[in-house]
Amino acid sequence: MLAASHLFLGYDDFTPEAIIVGIAYGSFDPGINKRSYDFSMPAADNTPTRGGADTFLNFLEQELIPSVENRYFAAPNQRVLFGQGRGGHFVPYTAYTRPNLFRGLIASNPTLLPQKDFFSKNAKAPSEIKLL
């Protein structure tokens, strides 16, 4: 575990090496770009445009992460998930459903709508989902 003084980088601090994997859809065309589906949990009304979060998490856990970690010298205990907007919605969902898959989770400007009820109904103490 890192000492508290090493949690934040200063001007002259060492930045550790990182492997950054970006997932892109290649288009904003709704026929190709499935962000809203992939990053959302199933809707109570079975809306077909939502509900792919578990499938997407399975892809990350069973295909993408093993592929990266088999190809590169990657530390499984140092994985970080970052999401912006709709991807930011996916990050806390991941914290609730697969708390041990990533060491760090960063949700930038997350939209919790339209499924904000999931987070309030399943509220956990920060220590249970490893929030700092």
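Heavy atoms only: backbone and side chains are in, while hydrogens, waters and symmetry mates are out. For the single chain, residues carry numbers from 1 onward in sequence order.
Rounding to the nearest 0.5 Å gives a distance of 6.0 Å between OG of S40 and CZ of R86. Taken to the nearest 0.5 Å, the CD atom of E17 stands 12.5 Å off from the CD atom of Q78. Atoms OG1 and CZ, on T111 and F90 in that order, are 15.0 Å from each other to the nearest 0.5 Å.
Counting heavy atoms from C-beta outward, P76 and E69 have side chains that approach closer than 4.5 Å. Two residues are said to be in side-chain contact when any heavy atoms from C-beta on lie closer than 4.5 Å; I23 and F56 meet this criterion. Taking 4.5 Å as the limit, every side-chain heavy atom of F82 sits out of range of all side-chain heavy atoms of V91. R103 places none of its side-chain heavy atoms less than 4.5 Å from the side chain of N77.
Residues meeting the side chain to side chain donor-acceptor pair (under 3.5 Å) test with N58, sequence neighbours left out: R98.
Considering every non-hydrogen atom in both G88 and A107, the closest pair reads O-CB, 3.6 Å. The shortest heavy-atom contact between N109 and Q84 is CB-NE2, 3.6 Å. A pairwise comparison of heavy atoms in Y93 and M41 identifies CD1-CE, 3.6 Å as the closest pair. Looking at every heavy atom in both residues, L105 comes nearest to A95 through CD1-CB, 3.5 Å.
In the hydrophobic clustering of this structure, L60 does not group with V80; members are Ile, Leu, Val, Met, Phe, Trp, Tyr whose side-chain heavy atoms approach within less than 4.5 Å, directly or through other members. Hydrophobic clustering (ILVMFWY, side-chain heavy atoms < 4.5 Å, transitive): I19 and L101 are in one cluster. If you chain together hydrophobic residues whose side chains sit under 4.5 Å apart, F59 and L57 fall into the same group. Both I65 and Y72 are part of a single hydrophobic cluster, where members link through side-chain heavy atoms under 4.5 Å apart.
Applying the under-4.5 Å side-chain rule to Ile, Leu, Val, Met, Phe, Trp and Tyr, the cluster around F28 consists of that residue alone.
Sorted pairs that involve residues 25-44 and meet salt bridge (Lys or Arg N to Asp or Glu O under 4.0 Å), not counting sequence neighbours, are lacking altogether.
Counting non-hydrogen atoms of other residues, nucleotides and ligands closer than 6.0 Å to CD of Q62 gives a total above 12.
Ring pair Y25/F39 is perpendicular by interplanar angle, where above 60° counts as perpendicular and below 30° as parallel.
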